Novice: 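Supplied in structure tokens, the structure appears directly below.
Because the structure is predicted, anything quoted here is derived from the model rather than measured. The figures that follow rest on heavy atoms only: side chains count, while hydrogens, waters and symmetry mates do not.
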Amino acid sequence: MRELLTRLLDLFRRDKLEAELKDELAFHQTMIERDERSAGAAADDAAHAAHRRLGNITGVRERARDAWSFAWVEVFRQDLRYALRGLRRSPGFTIAAVLTLGLGIGANAAMFGVIDRLMVRSLPYMRHPESVRRIYLQSTFIRLRTSTQMPYTRYLDFQKWTHSFSEFAAFTRTDLVVGVGEDAREEPIMGVSSSYFGFFNATPALGRFFGPSEDQIPDGAPVVVLSYAYWQSHFGGRNVLGERLVVFKLNCTIIGVAPPGFTGAGEGAPPAIYLPVTTYGTFGGPEQAHSYWIKYSWDWVQVLVRMKPGVSAATANTDLTNAFIQSRVVARVLHPDFAQVEKYNPHAIAGSVNAAAGPDPGLESRTLLWVAGVALIVLLIACANVANLLLARALRRRREVALRLALGVSMRRLAAQSLTESLLLSVIGCAFGVMVAQWGGGTLAKLFVPEAPDFSIISDWRTLAAAVGAALLAGVLMSFAPLVLARHEDVAKTLKSGVREGTYVRSRLRSTLLVMQGALSVVLLVGAGLFVRSLNRVRDMHLGYDATHVIEINWNRRGEQLPDSDKTATRRRLVDAALAIPGVEHAAWVSNVVVDGSSTQTLRVRGIDSVAKLRRFDSQTATADYFATMQTRILRGRGISETDRMGNQPVVVVSEGMANRIWPGKDALGECITIVLPMTVNDTTPCARVVGIAEDAVHDPVADEPFRYYVPVDQFPQFGATNLLVRVRGDPARDAESVRRTLQKLVPPMSFLTAI
């Protein structure tokens with residue numbers, strides 16, 4: 001240990017030691033010369049004798065340096081200084097290499113940061129994350145489907161019929177209205193079981209978490225725990241314990257505040273409020289929740305489990321699958337219309353807590369891995385590019401390398417020097433790459449991890465380590481090219497080359513690197529070209545509507561039941577108020593927004609045995625002015641008008657695709673469609689006359705054929721209409737909140753409007 005410390009200290013006093021060594025060698029040489037002259041030798045003979053006795057002075061000095069320091073440190077210092085001088089002499093080469101490596105390393109660092117947060121990194125505050133799993137349910141009834149959602153009762157069945165797990169927790173997430181009046185806002189809410197917080201080493205910042213006594217079937221206690229961010233932004237960090245907070249339509253008591261940075265295990269934006277999952281399940285009303293409970297459904301939840309020590313993944317999956325099968329058998333007793341277990345083929349998996357890394361990753365995860373592969377190809381191209389630059393540089397220095405080899409320099413020494421130069425370039429490129437990743441990673445995070453509160457590469461040691469690792473790997477790969485050239489160098493021929501040193505020299509390795517760069521670049525260019533072409537086709541696709549200046553306002557009644565007459569009056573009042581706002585051009589109510597999907601009803605058409613066999617036809621209720629609001633053209637006939645009310649002849653507007661499918665080669669105007677309403681007798685349902693043909697409107701998913709029909713809200717109140725579409729002349733993002741506040745004053749006290 002003393003020798004190690006001494007050598008470490010000697011690294012910082014090299015100049016003093018070098019001076020002492022020089023003086024000592026000079027002293028010994030002087031003493032030897034003096035002794036030789038005393039013996040009668042001439043001055044020149046005495047000097048030669050001193051040189052013979054001392055030997056190679058350079059070798060003596062090198063052995064002395066090895067004794068007072070570490071030889072490899074000295075070699076590295078020499079190589080580093082040599083590399084720095086070389087890079088300083090070639091600024092163009094240095095800049096090109098650093099920029100190339102920086103882009104490759106930065107792209108991979110940014111991708112690693114996103115993938116790490118989305119698929120690898122354990123959740124904040126999680127206790128013993130290596131033993132925690134999320135349950136995934138699979139079936140092959142129609143096709144392989146994987147889901148993390150299950151009825152609350154199935155969660156209870158897993159607790160009762162499995163033996164591989166020590167802890168269970170259920171949780172579910174949605175957006176609910178919090179508060180009353182104009183101050184009400186939709187917030188992300190998470191309903192969790194009382195055991196949920198036990199999966200985390202999280203101590204409340206204020207108050208406490210709720211316990212088992214507050215999470216009981218069928219009605220949990222009306223208590224909530226606030227997230228730290230929501231507590232700070234809405235309550236200023238003051239003591240709120242015991243205060244009341246209206247969540248949806250339930251008057252809850254605040255009992256605690258979660259610690260900073262606690263986000264739980266849900267996807268999407270971090271929840272603002274936590275409440276018992278059994279309380280969450282009663283938002284439809286205690287009677288409704290209890291009815292669902294008897295019918296073996298209730299609310300849908302996700303489940304976390306903690307595996308017992310020594311239990312393998314295969315054992316846990318078998319245990320879960322057996323419980324899943326048993327749960328399906330019991331469910332089918334209560335619901336005979338459920339698919340048979342043999343056809344459903346249930347299977348359960350205890351998989352990764354990160355749903356993106358689950359057994360059936362979604363489109364975002366697959367896209368992210370594909371982009372990561374592209375980033376890796378970019379890094380390989382960068383390495384090949386810089387290796388080619390290093391090789392060209394080495395070709396220009398062939399005589400220098402040959403001379404060093406002739407003087408006895410080993411290949412190992414040349415390899416160390418080449419590696420040092422490559423690593424120096426990689427480290428500088430890594431610094432530039434981190435800056436690229438800091439900017440690019442934030443952009444990627446908005447696409448793939450929008451809920452991440454802070455995406456900083458510089459403060460994330462895992463991503464920085466990945467960037468450094470990529471730089472070291474790139475440096476090692478690039479150092480091979482000059483070594484291959486030196487290994488096959490003909491020393492004698494190169495030394496004799498003379499002035500021919502600067503002429504072009506053919507290199508098979510350079511040609512190979514160029515071909516590899518070209519091949520990889522072609523792959524990327526073809527992929528990018530296909531992507532851009534697909535994107536342009538999607539952008540140029542005529543959707544059958546224009547939603548660029550449309551605000552969607554959703555009417556959330558918080559479960560409040562209103563007569564149809566009151567709903568109709570409120571809708572008309574809101575439409576009139578919206579049209580009175582400066583800048584508003586059109587306004588109309590719909591049952592669902594065209595880009596969000598639609599509902600399906602049973603249809604009957606005279607002369608057709610089964611309309612369902614022709615195609616699925618989606619319905620949408622709307623008020624007058626809908627087609628003007630969405631700028632969907634009426635090709636023939638008319639749209640929905642103010643006269644289409646209850647008591648008048650029911651009417652329907654069909655899309656052109658639907659008209660051609662049901663009445664091919666005929667004019668659909670005047671034809672009759674019977675829309676079978678729920679809970680009615682088919683024979684008494686009046687038919688609706690086709691009064692208009694609208695252009696096809698592409699809805700979600702875009703790949704679906706646009707077969708849709710529109711009916712007046714007043715004539716089909718059973719379908720409902722809770723979305724008000726408002727077309728404005730200006731920027732909808734800027735005007736949405738002001739429009740919402742104006743209309744909020746006109747709805748019942750418990751109702752709440754949200755604007756998008």
Side-chain angles (χ1 to χ4, degrees), residues 540-552 571 575 585-605 608 611-612 614-645 648-675 686-717 719-727:
D540 296 339
M541 180 188 300
H542 181 63
L543 300 178
Y545 56 86
D546 179 15
T548 53
H549 291 276
V550 176
I551 300 172
E552 175 193 348
R571 291 193 191 102
V575 167
E585 297 179 332
H586 302 282
W589 285 92
V590 293
S591 55
N592 45 266
V593 183
V594 64
V595 295
D596 290 339
S598 52
S599 57
T600 303
Q601 307 295 333
T602 302
L603 302 180
R604 295 170 57 219
V605 176
I608 299 177
V611 176
L614 296 177
R615 187 63 169 80
R616 190 191 76 181
F617 300 101
D618 297 328
S619 66
Q620 177 159 295
T621 57
T623 59
D625 213 24
Y626 167 76
F627 296 102
T629 302
M630 294 302 296
Q631 293 191 356
T632 299
R633 294 176 298 152
I634 298 295
L635 304 179
R636 296 189 301 279
R638 67 173 178 87
I640 297 172
S641 68
E642 293 287 353
T643 59
D644 297 325
R645 299 183 179 180
N648 295 341
Q649 167 67 44
V651 299
V652 60
V653 177
V654 301
S655 67
E656 186 178 26
M658 179 175 176
N660 293 335
R661 178 59 64 92
I662 298 180
W663 300 282
K666 296 175 58 178
D667 187 0
L669 290 178
E671 294 291 341
C672 186
I673 299 177
T674 300
I675 303 172
C687 76
R689 291 291 177 184
V690 177
V691 297
I693 310 297
E695 68 173 321
D696 292 333
V698 180
H699 51 89
D700 184 43
V702 175
D704 279 1
E705 296 182 59
F707 296 151
R708 171 173 292 212
Y709 60 96
Y710 309 84
V711 295
V713 173
D714 293 343
Q715 291 185 343
F716 296 87
F719 294 174
T722 59
N723 297 286
L724 176 62
L725 303 181
V726 179
R727 174 168 287 276

Novice: How close do Cys672 and Trp663 get, counting heavy atoms only, and between which atoms?
Specialist: O-CZ2, 4.3 Å
Novice: What heavy-atom pair brings Thr629 and Ala587 nearest, and what distance separates the two atoms?
Specialist: OG1-N, 3.6 Å
Novice: So Val651 and Arg638, do their side chains get closer than 4.5 Å, heavy atoms only?
Specialist: yes
Novice: Minimum heavy-atom separation for Val652 to Ala688, with atom names?
Specialist: CG1-O, 3.8 Å
Novice: Residues two or more places apart in sequence or in another chain: which of them pass side-chain contact (heavy atoms from CB on, under 4.5 Å) with Ala622?
Specialist: Val590, Tyr626, Ile640
Novice: When you look at Val654 and Ile693, which way does the side-chain contact (heavy atoms from CB on, under 4.5 Å) test go after all the steps?
Specialist: CA-CA 5 Å; Val654 301; Ile693 310 297; 3.5 Å; yes
Novice: To the closest 0.5 Å, what do you measure between CG (Asp696) and CZ (Arg708)?
Specialist: 11.0 Å
Novice: To the nearest 0.5 Å, what is the distance between CG on Asp644 and CG on Asp714?
Specialist: 9.0 Å
Novice: Let me confirm one number: the NE2-CD distance from His549 to Gln631, rounded to the nearest 0.5 Å.
Specialist: 8.5 Å
Novice: Go through the structure and list residues passing side-chain contact (heavy atoms from CB on, under 4.5 Å) with Arg633, not counting sequence neighbours.
Specialist: His542, Leu635, Glu695
Novice: Restricting to non-hydrogen atoms, name the atom on Val713 and the atom on Trp589 that form the minimum distance, rounded to 0.1 Å.
Specialist: CG2-O, 4.3 Å
Novice: Kindly determine whether Met658 and Ile673 satisfy side-chain contact (heavy atoms from CB on, under 4.5 Å), including the steps that lead there.
Specialist: CA-CA 12 Å; Met658 179 175 176; Ile673 299 177; 4.1 Å; yes
Novice: Could you go through Asp546 and Met630, starting from their C-alpha distance and side-chain angles, then the distance that decides it, and tell me whether this counts as side-chain contact (heavy atoms from CB on, under 4.5 Å)?
Specialist: CA-CA 6 Å; Asp546 179 15; Met630 294 302 296; over 6 Å; no
Novice: Would you please test Tyr545 and Val550 for side-chain contact (heavy atoms from CB on, under 4.5 Å) and show each step?
Specialist: CA-CA 11 Å; Tyr545 56 86; Val550 176; over 6 Å; no
Novice: Counting N and O atoms only, with roles assigned by atom type, does the side chain of Gln715 sit under 3.5 Å from a partner on the main chain of Gln649, one being a donor and the other an acceptor?
Specialist: yes
Novice: Which value, rounded to the nearest 0.5 Å, describes the distance between Arg689 atom CZ and Leu669 atom CG?
Specialist: 12.0 Å
Novice: Under the 3.5 angstrom rule, does the side chain of Thr621 hit a backbone N or O of Ala721 as a donor-acceptor pair?
Specialist: no
Novice: In Å, rounded to the nearest 0.5 Å, how long is the span from CG of Asp618 to OH of Tyr710?
Specialist: 10.0 Å
Novice: CZ of Arg571 to OG1 of Thr623: how many Å apart, nearest 0.5 Å?
Specialist: 9.0 Å
Novice: Between Ala668 and Ala659, which heavy-atom pair has the shortest distance, and what is it?
Specialist: CB-CB, 3.8 Å
